[in-house]
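Next up is a structure, given as structure tokens.
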Amino acid sequence: MERRNFVKKATLSSLAGVIGADIVFGANMPLGITPLALQDPDPFKLFDINKDMVVLNDKPWNIEARAYLLDDKVTPNSCMFIRNNGKMPVDIDVDAWTLTIDGESVKQEKTYSLAQLKSKFKHYTYQLTLECGGNGRSEFNPPAKGNQWTIGAVYCANWTGVRLRDVLEDAGIKDNAVYIGYHAADTHLSGDPTKEPISRGAPMSKALQDETLIAFQMNGEEIPLAHGYPLRLVAGGWPASVSGKWLKRISIRDKVHDGAKMTGTSYKVPCEPVAPGTEVDEKDMCIIESMPVKSLITYPKSGAVINTGKKMEIRGHAWAGDLEVANVHYSIDFGATWDSCHLERPVNKLAWQHFKAEVAFPKKGYYEVWAKATDSKGVSQPMVLPGWNPKGYLNNACHRIAVKVS
Ligand SMILES: Nc1nc2c(c(=O)[nH]1)N[C@H]1C(S)=C(S)[C@@H](COP(=O)(O)O)O[C@H]1N2
Ligand SMILES: [Mo]
């Protein structure tokens with residue numbers, strides 16, 4: 001009998017999931033062919049995202065949200081920023097997908113199929129805030145190379161999966177364990193198969209936190225391809241680069257993980273503050289861990305107009321890495337005075353918190369509404385750009401919107 005490389009059923013159903021429709025004559029599709037729908041050059045169709053999302057880069061894809069797109073308490077898939085370092089995997093066969101736990105400090109190397117992961121370990125769902133370490137980079141001066149994120153590289157989604165801790169403990173953690181590092185299925189832009197686009201990780205204390213998940217669902221559905229289908233590490237409150245998409249392997253390391261973008265100056269800031277433009281030696285740079293306190297006004301849109309005598313509702317979210325946000329204030333006089341906003345508690349640890357206020361304006365004219373969050377240790381957002389650093393990370397300056405009272 002003639003041997004033909006027909007696409008496997010399992011692959012077909014996963015492709016159909018990603019495309020969002022059955023591939024009717026899929027059985028006739030030759031193996032190794034990427035459906036055109038997955039090569040769509042139009043990112044809005046390719047990722048099914050809101051038409052107001054902003055594309056910063058197409059090779060690899062980097063797309064950010066605008067403040068008003070992030071108004072929902074739980075960010076919808078269509079409004080989430082996308083940050084890829086390499087090429088997304090295409091031929092994903094979910095039935096053949098495995099996750100391996102290995103490394104110097106694993107007691108017994110283990111490999112799990114997706115079905116085993118789902119059946120063997122208890123499932124948890126948490127709202128977890130993910131913010132790119134470089135969110136806000138566009139404001140740094142002298143400028144920092146890299147994606148010029150403004151304010152839209154953050155979201156808070158509902159993640160469902162198993163606890164990383166449960167899986168690591170099932171394989172066994174040696175006493176000398178220091179760090180975990182992830183390995184994923186995306187490929188290096190150069191095409192060099194020996195290079196990984198990114199392979200980061202976290203210290204054991206973060207890895208073992210209750211909320212650190214190996215997730216297989218986002219917002220109640222399979223994770224969209226762009227966000228890591230079919231399996232993703234999710235470590236809320238830390239630079240989102242720790243949350244490895246398309247997860248294939250986690251190594252329990254006896255030293256700080258040394259994968260791609262863990263070494264050199266990636267995701268590091270000067271251990272001590274430096275003057276703008278300073279050249280900083282690698283040995284004086286420290287790895288970013290918990291993200292700093294920050295907030296975003298998501299309603300109304302900047303440029304809102306209201307009538308004199310009317311109060312305006314403002315609302316948004318605030319988050320503070322591993323900490324909780326203690327309060328949020330707003331100012332209409334460029335920080336001379338501040339009033340407090342109503343602030344909700346987080347639905348779970350590491351979820352962003354919602355604030356709102358009724359703002360009154362004394363008379364006709366142009367105003368700016370500024371929001372400022374303070375974390376549970378009493379640390380507030382700076383009004384303007386904080387500590388310059390060579391790679392432009394951790395800009396948590398206050399967000400502001402323009403308002404005209406007419
Ligand atoms: N495998 C893999 N994981 C990854 C990345 C990547 O390029 N490949 N990018 C990281 C970075 S830098 C960020 S900010 C987040 C972005 O997640 P998102 O695309 O769901 O917004 O994923 C992280 N995980
Ligand atoms: Mo990132």
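Whatever order the structure lists ligands and atoms in, that order sets their numbers, starting from 1.
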Aromatic contact, W352 with H317 (centres under 6.0 Å):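 They qualify: ring centres under 6.0 Å apart.
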Protein contact of atom 24 (N) of ligand 1 - nearest heavy atom, named by residue and atom, plus distance: S243 O, 3.0 Å
Side chains of L208 and I173 in contact at under 4.5 Å (non-hydrogen atoms):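 Touching, per the 4.5 Å side-chain cut-off.
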Shortest protein contact, atom 11 (C) of ligand 1 (heavy atom only): S241 CA, 3.6 Å
K118 NZ/CZ over F216 ring centroid, <6.0 Å and within 45° of normal: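 Checked: cation-pi criterion met.
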Taking atom 17 (O) of ligand 1 as the reference point, the nearest protein heavy atom with its distance: R232 NH2, 2.9 Å
Residue and atom name of the nearest protein heavy atom (relative to atom 12 (S) of ligand 1), distance in Å to one decimal: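 For this ligand atom, the closest protein heavy atom is Y267 OH, 3.0 Å.
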Atom 6 (C) of ligand 1 - nearest protein heavy atom and its distance: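 Going by distance alone, atom 6 (C) of ligand 1 is nearest to I198 CG2, 3.3 Å.
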Residue portion contacting ligand 1 (non-hydrogen atoms closer than 4.0 Å) for N85: both
Any side-chain heavy-atom pair of P386 and P273 under 4.5 Å: no
Protein heavy atom at shortest distance from atom 3 (N) of ligand 1: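 Heavy-atom neighbour on the protein nearest atom 3 (N) of ligand 1: K245 N, 2.9 Å.
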Short side-chain donor-acceptor distance under 3.5 Å, D322 and W238: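 Side chains of W238 and D322: pair found under 3.5 Å.
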Heavy atom of G244, distance to ligand 1 below 4.0 Å: yes
K245 with D186: basic N within carboxylate O range, under 4.0 Å: no
Per atom 15 (C) of ligand 1, closest listed option by heavy atom (A235, A240, A226): A240
F355 and N327, any side-chain heavy atoms less than 4.5 Å apart: no
Ligand 1 to Y155 polar contact by distance, N or O atoms, under 3.5 Å: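 Yes, since at least one N or O of Y155 sits under 3.5 Å from an N or O of ligand 1.
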Pair D258, T263: side-chain N/O donor-acceptor within cut-off below 3.5 Å: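 No, no side-chain donor-acceptor contact under 3.5 Å.
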Best match, A153, A65, C132, G133: closest heavy atom to atom 14 (S) of ligand 1: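 Heavy atom nearest to atom 14 (S) of ligand 1 belongs to C132.
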Shortest heavy-atom approach to atom 2 (C) of ligand 1 - which of I82, T75, D186: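 The residue whose heavy atom sits nearest atom 2 (C) of ligand 1 is D186.
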Side-chain donor-acceptor pair present, S199, H257, cut-off under 3.5 Å: yes
Atom 21 (O) of ligand 1: nearest protein contact (heavy atom, Å): F81 O, 2.6 Å
